[in-house]
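Have a look at the structure below, then the notes.
Here is how names work: the chains are called A, B, and so on, in the same order as the sequence lines, proteins then strands, and each is numbered from 1.
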There are 2 protein chains.
Amino acid sequence: MNFELAIERLKSEGFKRTPSREAILRLLELEDRYLSAGDVKKALAADHPTMSQDTVYRNLTSFSELKILEETELGGERKFRMHCDRHGHHHHFICMDCGRTEELDVCPMEQVSRALPAFVIDDHKFEVYGQCPDCRSAS
Amino acid sequence: MNFELAIERLKSEGFKRTPSREAILRLLELEDRYLSAGDVKKALAADHPTMSQDTVYRNLTSFSELKILEETELGGERKFRMHCDRHGHHHHFICMDCGRTEELDVCPMEQVSRALPAFVIDDHKFEVYGQCPDCRSAS
DNA sequence: TTTCCAATTCGGAATGACTACGATTTACTT
DNA sequence: AAGTAAATCGTAGTCATTCCGAATTGGAAA
């Protein structure tokens, strides 16, 4: 997912193109890692000093619902990143130093489904946390 | 893990045996599922009306650090349950209706380690969410 | 048993992420 | 160019969690 595609999806879903939304999406495209609402607000403070918290949270939530963004919860905070382009299901390694991610192919859900035939499975979360090669060599 | 074992571990680590700690541990032993700090406080309100939030949170955190409890974050809340007795590493299915859990054997971390040799892996989270057989037939 | 002190608890206030809301502004249609 | 629903602003509210000083207490030592 990138800025242009995101704007297209917003339009096709009946959302308006506003300066706030453009700024938030441009930032997330540029950063390419998980950011909190606070991170977004701070990063945009210089160019958009009057953008309210409400606007940041409301748009991040909308973007997540539209699958423009991926969302996770980390350290008691909601975090958002541009939705990956890869086809189909995937999980992430997340660097706890810089927030950057690495996509993971493995997912054990087929085994789990087989092991729990009487259970209704609605969702799952698989995330790996650590230090990426860049941050490793920098520390 | 059960009440007696938990009390032993507290003693061996130099923690005092207090009515608050006994009540919290007895509740968690009885419930055998993930509870939030608020759940614990509410459940103990009848017998321990003066137990403060601070006491609940501080003890839950201590118990978690001592591996008396297992902890996860769900819906923006920290949740705690008695630590499972099983040997070694495991994950959980969590019923979103009643909070009860089912232990899972599968864990894909070996594959992940092999796939990311240049990354430092510190931690990971794998949880499956849905409805347990009891809640399924009740709904 | 009594004394004593560090650990624990209490009660309430502070923090921080997130949400709600009325008033105002704006993107987009006609 | 006008009208309208959507979006934003600014602020206040909520909720989980943490902090803090004062009071209490468990358990070791005398």
Side-chain angles (χ1 to χ4, degrees), chain A residues 3 6-27 34-66 68-69 71-81 99, chain B residues 3 6-27 34-66 68-69 71-81 99:
Chain A
F3 178 83
I7 292 290
E8 271 180 41
R9 182 163 304 173
L10 281 179
K11 183 166 193 174
S12 73
E13 297 284 342
F15 287 77
K16 294 179 179 172
R17 176 172 186 152
T18 70
S20 295
R21 286 175 178 159
E22 291 182 358
I24 293 170
L25 290 170
R26 283 226 157 83
L27 174 68
Y34 276 113
L35 296 179
S36 69
D39 294 335
V40 171
K41 190 162 192 316
K42 257 181 252 139
L44 299 180
D47 285 350
H48 300 78
T50 69
M51 191 185 296
S52 73
Q53 287 190 45
D54 184 276
T55 298
V56 175
Y57 277 103
R58 181 170 23 76
N59 283 318
L60 289 174
T61 300
S62 298
F63 297 165
S64 182
E65 287 167 355
L66 293 174
I68 290 171
L69 302 183
E71 183 178 351
T72 190
E73 186 152 353
L74 215 46
E77 265 187 323
R78 291 166 74 196
K79 303 243 182 182
F80 305 84
R81 56 159 297 139
Chain B
F3 178 83
I7 291 290
E8 271 180 43
R9 182 162 304 175
L10 282 178
K11 185 165 192 175
S12 74
E13 298 283 343
F15 287 76
K16 293 179 179 172
R17 177 171 186 154
T18 70
S20 295
R21 287 176 176 158
E22 290 182 359
I24 294 170
L25 290 170
R26 283 226 157 83
L27 175 68
Y34 276 114
L35 297 179
S36 68
D39 294 335
V40 171
K41 189 161 192 320
K42 256 181 251 138
L44 299 180
D47 285 349
H48 300 78
T50 68
M51 190 184 295
S52 72
Q53 289 189 41
D54 184 274
T55 297
V56 176
Y57 278 102
R58 180 169 24 77
N59 283 319
L60 289 174
T61 300
S62 299
F63 298 165
S64 182
E65 288 167 354
L66 292 175
I68 289 170
L69 302 182
E71 183 178 350
T72 190
E73 186 151 352
L74 216 46
E77 265 187 324
R78 291 166 72 195
K79 304 243 183 182
F80 305 84
R81 57 158 295 137

Specify the separation, in whole Å, of atom [atom1] of [X] and atom [atom2] of [N].
{"X": "Leu60(A)", "N": "dT19(C)", "atom1": "CG", "atom2": "P", "value": "11 Å"}
{"X": "Ile24(B)", "N": "dT8(C)", "atom1": "CD1", "atom2": "P", "value": "12 Å"}
{"X": "Asn59(A)", "N": "dC18(C)", "atom1": "CG", "atom2": "C1'", "value": "15 Å"}
{"X": "Met51(A)", "N": "dT11(D)", "atom1": "CE", "atom2": "C1'", "value": "18 Å"}
{"X": "Glu13(A)", "N": "dA7(D)", "atom1": "CD", "atom2": "C1'", "value": "17 Å"}
{"X": "Arg17(B)", "N": "dA28(D)", "atom1": "CZ", "atom2": "C1'", "value": "17 Å"}
{"X": "Glu22(B)", "N": "dT8(C)", "atom1": "CD", "atom2": "C1'", "value": "14 Å"}
{"X": "Lys41(A)", "N": "dT19(C)", "atom1": "NZ", "atom2": "P", "value": "16 Å"}

| query | Taking NZ, NE, NH1 and NH2 as the nitrogens, is one of them in Arg17(B) or Glu22(B) under 4.0 Å from a carboxylate oxygen of the other? | reply | yes

| request: Run the salt-bridge test on Glu73(B) and Lys79(B) with the 4.0 Å N-O cut-off and return the result as yes or no. | output: no

| Which part of the nucleic acid, if any, lies within reach of Ser52(A) when heavy atoms closer than 4.0 Å are counted: base, sugar-phosphate only, or nothing? | base

| request: Give Pro19(A) one of three labels, base, sugar-phosphate or nothing, depending on what nucleic acid heavy atoms sit under 4.0 Å from its own. | output: sugar-phosphate

Tell me whether the side-chain N/O atoms of [X] come closer than 4.0 Å to OP1 or OP2 in [N].
{"X": "Arg58(A)", "N": "dT8(D)", "result": "yes"}
{"X": "Thr50(A)", "N": "dC9(D)", "result": "yes"}
{"X": "Thr18(B)", "N": "dT9(C)", "result": "yes"}

Least distance between heavy atoms, [X] atom then [Y] atom:
{"X": "Val56(B)", "Y": "Ile24(B)", "value": "CA-CD1, 4.2 Å"}
{"X": "Arg26(A)", "Y": "Phe3(A)", "value": "NH2-CE2, 3.3 Å"}
{"X": "Ala37(A)", "Y": "Leu60(A)", "value": "CA-CD1, 3.8 Å"}
{"X": "Pro19(A)", "Y": "His48(A)", "value": "O-NE2, 4.3 Å"}

| Test item: Arg21(B) side-chain N/O and Lys16(B) main-chain N/O as donor-acceptor pair under 3.5 Å | yes

| field | Angle by which the axis turns from one end of the helix from dT1(C)-dA30(D) to dT30(C)-dA1(D) to the other, five pairs per end, to 10 degrees | value | 30°

Pairwise N/O distances under 3.5 Å, protein to nucleotides 2-7 of chain C:
| residue | atom | partner | partner atom | Å |
| --- | --- | --- | --- | --- |
| dA7(C) | O4' | Lys16(B) | NZ | 3.2 |

| message | Test of understanding: with side chain to side chain contact (heavy atoms under 4.5 Å, CB included), list the residues that count as partners of Ala43(A), not counting sequence neighbours. | response | Leu27(A)

| Qualifying residues under side chain to side chain contact (heavy atoms under 4.5 Å, CB included), relative to Gln53(A), sequence neighbours excluded | Lys41(A), Tyr57(A)

| task | Please determine, by modelled atom types, if Ser52(B) and Thr55(B) share a side-chain donor-acceptor pair under 3.5 angstrom. | result | yes

| task | Tell me which of Lys11(B) and Ser20(A) sits closer to the 5' end of DNA chain D, going by the nucleotide each one is nearest to. | result | Ser20(A)

| said: Going by salt bridge (charged side-chain N to carboxylate O under 4.0 Å, His left out), name the residues that satisfy it together with Arg9(A), two or more places apart in sequence or in a different chain. | reply: none

| Non-hydrogen side-chain atoms of Leu25(A) and Phe63(A) separated by less than 4.5 Å | yes

| remark: Going 5' to 3' through nucleotides 16-23 of chain D and flagging B where a protein heavy-atom sits under 4.0 Å of the base, S where only the sugar-phosphate is that close, and - otherwise, we get SBBBB---

